[in-house]
Amino acid sequence: MEAVSHTVINLTTFVLAIYVGYHVVWNVTPALHTPLMSVTNAISAIVIVGAMLAAALTVTGLGKVMGVMAVAFAAVNVFGGFLVTRRMLEMFKKKERKSGGEAR
Amino acid sequence: MSMNLVTLLYLVASVFFIQALKGLSHPTTSRRGNAFGMIGMAIAVVTTAALILTVSEQGAQGLGYVLLGLVVGGGAGAIMAKRVEMTKMPELVAFMHSMIGLAAVFIAIAAVAEPYAFGITSEAGQPIPGGNRLELFLGAAIGAITFSGSVIAFGKLAGKYKFRLFQGAPVVFAGQHVINLLMGIAIVGLGIAFVVTENWTAFFLMLALSFVVGVLIIIPIGGADMPVVVSMLNSYSGWAAAGIGFSLNNPMLIIAGSLVGSSGAILSYIMCKAMNRSFFNVILGGFGGETSTAAGGTEQKSVRSGSADDAAFVMGNAESVIIVPGYGLAVARAQHAVKEMAAKLTEKGVQVRYAIHPVAGRMPGHMNVLLAEAEIPYDQVFEMEDINSEFGTTDVVLVLGANDVVNPLAEQKGSPIYGMPILEVHKARTVLVNKRSMASGYAGLDNPLFYMDKTMMVFGDAKKVIEDIVKAIE
């Protein structure tokens with residue numbers, strides 16, 4: 001039997017992940033759609049993995065410059081995204097303590 | 001570190017990302033979800049650093065470059081996250097989308113320049129396999145469109161730049177769609193040329209055209225449609241990440257990218273539905289900037305207007321009050337005043353709730369965050385579907401800086417906004433509306449709600465009016 005190509009395996013992962021994403025996101029409460037967007041900003045910054053490889057493993061000037069800049073751009077999102085999400089979610093927490101009641 | 005271990009750790013990180021989104025199903029679990037996300041990202045970054053140390057011939061020196069980027073970018077991101085005002089969240093999100101887009105483009109350029117460094121080819125100097133070329137082309141093109149589109153969206157959202165393309169009013173010109181189509185075809189053509197020949201010129205031309213297309217597809221979309229655009233670019237940034245995942249054969253990037261991509265797509269769908277527009281209608285644009293001439297019914301109709309004292313009297317004697325906040329409230333920075341007013345009313349035994357339309361803010365869920373910032377308890381804040389049945393049994397509804405989302409014309413066949421889901425405010429016993437003037441909303445339609453017998457208009461700046469009401473309640 002011939003080996004399955006990488007692209008096909010990747011496609012399998014891709015389709016299944018979209019399926020998972022679809023179901024998980026519909027369960028997100030509309031009140032938290034803005035934090036959802038900022039946290040997905042942070043998660044899409046996962047390209048930082050590719051950027052790190054570029055910054056560390058390339059040998060030419062072009063590769064290095066591109067890599068370091070890509071790491072910096074992605075890092076803006078990693079830190080900015082998660083921290084601003086945390087800041088917003090803290091606001092939702094304060095009220096919860098004040099009202100004392102459990103929301104529906 | 002073996003590649004198998006690396007891949008397994010990446011799998012763990014992916015599961016953490018799914019948990020992060022799952023946590024957002026309720027405010028009480030959301031902070032844990034965000035922590036999951038951070039842990040997942042930490043696992044991914046540390047694993048990659050370990051991988052670099054294992055395979056690198058440059059030793060720790062390569063990691064030095066990574067650290068440099070990490071400190072500069074991370075520092076900037078942390079400062080922005082700390083300082084940003086909640087009303088400016090849409091701009092921040094648009095800015096962050098542009099960062100992802102640009103990062104994707106740069107990674108793709110580095111990968112085309114040195115495929116060996118990413119393990120795409122087994123030896124330096126070998127040509128890139130055709131499949132990877134296709135994926136690199138897709139990742140780079142989507143990244144470029146995300147970048148330039150987000151820059152324009154950022155400008156439109158900020159609304160403070162003189163530059164024409166950054167203004168809310170749509171930019172429309174003859175043959176726009178044809179030009180976009182031709183550019184799209186040219187990008188695909190150059191992409192195919194790159195896939196076949198691995199030609200640098202084709203790759204860079206394709207990138208340049210993609211940047212231009214990103215600008216062209218966002219400029220015809222009006223300021224009022226920005227919630228859809230922001231969600232759409234959110235989706236694009238995810239697909240760009242997934243595209244890079246394909247080219248680097250990294251399942252974690254594909255999973256994380258697809259999660260983000262589908263999340264953005266769902267949010268776009270929800271926003272379109274709330275505005276009663278089809279996705280294509282929004283994308284093709286030319287709507288939502290200037291007031292359309294469709295505003296019918298110019299005959300003089302009388303409105304009943306009252307003072308803040310009158311409003312305070314009406315609400316003070318009610319049993320139940322529902323407050324409908326619109327973006328006008330946030331513009332007037334009146335959220336804290338509203339909270340104070342609600343506290344006073346609650347003290348008097350009045351039941352106070354808030355009703356939020358999905359497009360009340362500038363992005364999905366924006367109004368909820370703005371109310372949360374003012375420490376308004378989230379269990380008093382209700383979504384449209386949950387509270388619409390309650391208006392009929394409510395004594396007083398106070399509409400603050402909202403217009404189209406409470407327009408009963410939406411229930412009338414033949415009206416331009418027929419079918420748009422609205423808050424059924426007109427079913428309440430008394431309606432108080434605070435507006436600065438009688439100007440119509442984004443849709444350019446007159447609102448019959450204002451002329452009903454049970455409606456009292458309270459004109460003036462939202463903050464001033466509410467502060468006066470607070471004083472009057474005492």
Side-chain angles (χ1 to χ4, degrees), chain A residues 6-7 10 13-14 17-18 21-22 24-25 27-34 36-37 39-41 43-44 46-47 49-58 62-63 66-80 82-86 88-89 91-92 94-95 98-99 101 103, chain B residues 17 21-22 24-25 27 30-31 34 38 48 52 62 65-66 69-70 72-74 76-78 80-81 93 96 99-100 102-103 106-107 109-110 113-114 117-118 131 234 237-238 241 244 246 248-249 251 254-256 258-260 262-263 266 364-366 368-369 372-373 375 377-379 383:
Chain A
H6 272 307
T7 310
N10 288 340
T13 315
F14 182 63
I18 292 177
Y22 180 86
V24 171
V25 172
N27 271 328
V28 172
T29 172
L32 295 179
H33 275 166
T34 296
L36 169 68
M37 215 172 248
V39 87
T40 50
N41 265 157
I43 291 175
S44 57
I46 191 66
V47 292
V49 167
M52 287 170 75
L53 297 179
L57 300 181
T58 52
L62 174 68
M66 290 292 134
V68 172
M69 292 204 331
V71 169
F73 293 147
V76 169
N77 275 35
V78 170
F79 284 82
F82 281 124
L83 291 178
V84 86
T85 307
R86 193 172 70 178
M88 276 191 271
L89 294 176
M91 292 170 184
F92 281 87
K94 268 181 223 146
K95 296 168 305 171
K98 263 195 182 150
S99 68
Chain B
F17 292 144
L21 297 189
K22 215 173 153 216
L24 289 173
S25 57
S30 59
R31 284 182 308 282
N34 193 43
M38 292 188 194
T48 310
I52 288 170
Y65 290 107
V66 172
L70 211 56
V72 174
M80 272 183 253
V93 167
M96 295 205 293
M99 291 287 103
I100 293 291
L102 205 53
F106 284 6
I107 295 166
I109 294 177
E114 292 184 54
F118 299 86
N234 187 232
S237 71
I244 296 299
F246 270 96
L248 304 185
N249 276 326
I254 297 175
I255 293 171
S258 322
L259 290 176
V260 177
S262 41
S263 162
I266 289 172
H366 195 194
N368 299 78
V369 172
E373 191 189 16
E375 299 182 7
Y378 67 77
D379 48 9
E383 301 303 321

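The sequence lines fix the lettering, A, B, ..., with proteins before strands; numbering per chain opens at 1.
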*Between atom CE of A:M88 and atom CD of B:E373, what is the distance when rounded to the nearest 0.5 Å?*
10.5 Å
*Closest approach of A:S44 and B:S237, non-hydrogen atoms and distance?*
OG-OG, 3.8 Å
*Given B:V260, which of A:L36, A:I43, A:N41 fulfils the side-chain contact (heavy atoms from CB on, under 4.5 Å) condition?*
A:I43
*Could you pull out the closest heavy-atom pair between B:A103 and A:A74, with the gap in Å?*
CB-N, 4.4 Å
*Please check if the side chain of A:N27 supplies one atom and the backbone of B:K22 the other of a donor-acceptor pair under 3.5 Å.*
no
*asked:* Please classify the contact between A:V39 and chain B as side chain, backbone, both or neither, with a heavy-atom cut-off of under 4.5 Å.
replied: side chain
*Where the side chain of A:T34 meets the backbone of B:P364, is there a donor-acceptor pair that is under 3.5 Å apart?*
yes
*Shortest non-hydrogen contact between A:F73 and B:M99, atoms and distance*: CD2-SD, 3.4 Å
*asked:* Under a 4.5 Å cutoff for heavy-atom pairs, which residue among B:I244, B:T48, B:N34, B:L102 has the most contacts with chain A?
replied: B:N34
*Taking the side chain as C-beta and beyond, is there a heavy-atom pair between A:V25 and B:L21 under 4.5 Å?*
yes
*With a 4.5 angstrom heavy-atom cut-off, could you sort out which part of B:N234 is near chain A: side chain, backbone, both or neither?*
side chain
*asked:* To check you understand the geometry: which heavy-atom pair defines the closest contact between B:A256 and A:I46, and what is its length?
replied: CB-CG2, 3.5 Å
*Take A:N10 and B:N249, measure what side-chain contact (heavy atoms from CB on, under 4.5 Å) needs, and give me the verdict at the end.*
CA-CA 7 Å; A:N10 288 340; B:N249 276 326; 2.8 Å; yes
*For the residue pair B:A117 and A:L57, what are the closest heavy atoms and their distance?*
O-CD1, 3.3 Å
*Among A:V49, A:T7, A:L83, which has the most heavy-atom pairs under 4.5 Å with chain B?*
A:V49
_Smallest separation among heavy atoms of B:S262 and A:Y22, with atom names_ = OG-N, 3.8 Å
*Are A:V71 and B:V72 side-chain neighbours, meaning at least one heavy-atom pair lies under 4.5 Å?*
no
*According to the interplanar angle, ranging from 0 to 90°, do the rings of B:F246 and A:F14 count as parallel (below 30°), tilted (30 to 60°) or perpendicular (above 60°)?*
perpendicular
*Roughly how far, to the nearest 0.5 Å, is CD1 of A:I18 from CD1 of B:I255?*
11.5 Å
*Closest-packed option against chain B by number of heavy-atom pairs under 4.5 Å, given A:G21, A:A55, A:A75*: A:A75
*Quick one: of B:S30, B:G238, B:A76, B:P251, who has the most non-hydrogen atom pairs under 4.5 Å with chain A?*
B:S30
*Using a cut-off of under 4.5 Å on heavy-atom pairs, state which of B:G131, B:A241, B:A78, B:S25 scores highest against chain A.*
B:S25
_A:L62 CG to B:E114 CD distance, which is reported to the nearest 0.5 Å_ = 7.5 Å
*By a 4.5 Å heavy-atom criterion (distance strictly below it), what part of B:A113 contacts chain A: side chain, backbone, both, or neither?*
side chain
_From CE (A:M52) to CD1 (B:I107), nearest 0.5 Å_ = 11.5 Å
*Rounded to the nearest 0.5 Å, how far does OG1 of A:T13 lie from CD1 of B:I254?*
5.5 Å
_Heavy-atom contact with chain A under 4.5 Å, split by part of B:L248_ = side chain
*asked:* Test your reading of the model: is there a side-chain donor-acceptor pair from A:N77 to the backbone of B:M96, 3.5 Å cut-off?
replied: yes
*Against chain B, label A:V47 side chain, backbone, both or neither, depending on which of its atoms sit under 4.5 Å from a heavy atom there.*
both
*asked:* For the CD1 atom of B:I109 and the OG1 atom of A:T58, what is their distance to the nearest 0.5 Å?
replied: 12.5 Å
